[in-house]
Amino acid sequence: PAELESLINNAITAANRGAELNRHLLAFSRQMPLAPEVIDLNVQVGAMADLLRRTLAESIEIEFVRGDGLWPCEADPVQVEGALLNLCLNARDAMPDGGHLTIETANVHLDAGYAATQAEVTPGPYVMLAVTDTGSGMPADIRDKVFEPFFTTKGADRGTGLGLSMVFGFAKQSGGHVAVYSELGEGTTIKLYLPRARRIASKAGRRREVMPRGHGETVLAVEDDPQLRDLVVNQLVALGYAVTAAKDGREALSALQDGKRFDLILTDMVLPMGMNGVRVAAEAARLHPGVGVLYMSGYTENTVIHQGRLDEGVNLLQKPFRRQDLARKVRDVLDARDISGETNSVGGGAH
């Protein structure tokens, strides 16, 4: 009887594992039955706070940053909880010695420029749920595979490699999007975008957004992603700026030392070749006192500041951004520079 009971228990365990595997595969292939509702992500995340604190190690500090005026979104609340739990467990595994976990919500707008560079992304308003860890981060070859089914960097006895692929499938099936930002030594941010719940907007309240333009000011744009670099340069030129592009800190430094005067440094936070955006900005300030600085980052503003990369009050443009966001931020930094005659946007404490 004992032997028979053991066989039965093993069979039940195998059946449960098979059902779980099937559920993950259905999610990835976008065939999971969903029951979407209009939900408040702030309420949803808040309801999971105690569970997450019990699940994660005590050495991991959890911070919740809830967006003000958050739009309602349309998604299956059960799958949202599962996706958030999966993201937090992956973040936990990336921080075996402890660290800081930030869970953040915000309203965002994915524009046509960004959507054109992504698979199956529809431009429009979304509600973002971002999970950021302070782990070791990932190199590009790993980062590009994290949503593939069965891909995992964990040991054979830890996980199936289907957690993030399930999040990917759920996002796509819900009409949303998921993006990962990670660099070695800089931690990881995974952003889940869920479609804003449809509401009938009042036509009387709609206004045409005025696009701030340049007046021939010179901009040094530093970005290692060639596709994004070309997009940013083209948008800035169309807005009326004179742009010099650099793919890394060394190219940026060479441009700064050539004697050309720059009004603004627009630089990614994380760059290859041993010189990050903060160092580029510091060198620019030394060679061109009073130059404006605007950082770009896929990490959220709260995690960038709290991880000690920048001083508070710096100018940060969060990726992905709309053309309107770029135009407004660039104009704001240049106008503030013109008023004060200097800039306070060069941060310290870079990793």
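As the structure is a computational prediction, the values presented were derived from the model and not from experiment.
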Can you check whether L256's main-chain N or O pairs, donor with acceptor, with H288's side chain at less than 3.5 Å?
yes
Euclidean distance, E217 CD relative to L264 CG, rounded to 0.5 Å
9.0 Å
Is it true that E223 and K319 make a salt bridge, defined as a side-chain N closer than 4.0 Å to a carboxylate O?
yes
Return yes if some donor-acceptor pair links the side-chain N/O of S174 with the main-chain N/O of A75 below 3.5 Å, else return no.
no
Is it true that the side chains of H109 and Y114 contain a donor and an acceptor less than 3.5 Å apart?
no
Do K329's NZ or CZ and the ring of F321 fall within the cation-pi criteria of under 6.0 Å and 45°?
no
I'd like to know if the side chain of S182 and the backbone of M138 have a donor-acceptor N/O pair within less than 3.5 Å.
yes
Is there a donor-acceptor pair under 3.5 Å between the side chain of R261 and the backbone N or O of T218?
no
Is there a donor-acceptor contact under 3.5 Å linking the side chains of T189 and T132?
yes
Please answer: with hydrophobic residues joined when any side-chain heavy atoms are less than 4.5 Å apart, are V237 and L239 in the same cluster?
yes
Can you list the residues that meet the salt bridge (charged side-chain N to carboxylate O under 4.0 Å, His left out) rule with D263, with sequence neighbours excluded?
R337
For the backbone of G187 and the side chain of D133, can you confirm whether one donor and one acceptor N or O come within less than 3.5 Å of each other?
no
Which donor-acceptor pairs under 3.5 Å do side chains of residues 242-250 form with protein atoms, sequence neighbours excluded?
residue : atom : partner : partner atom : Å
T244    : OG1  : K260    : NZ           : 3.1
D248    : OD1  : R250    : N            : 3.1
D248    : OD1  : E251    : N            : 2.9

Cluster membership besides V78, Ile/Leu/Val/Met/Phe/Trp/Tyr side chains within less than 4.5 angstrom, sorted by chain and number, is none
Are L52 and L84 close enough that some pair of their side-chain heavy atoms sits under 4.5 Å apart?
yes
Inter-residue atom distance K191.NZ - E104.CD, 0.5 Å rounding:
8.0 Å
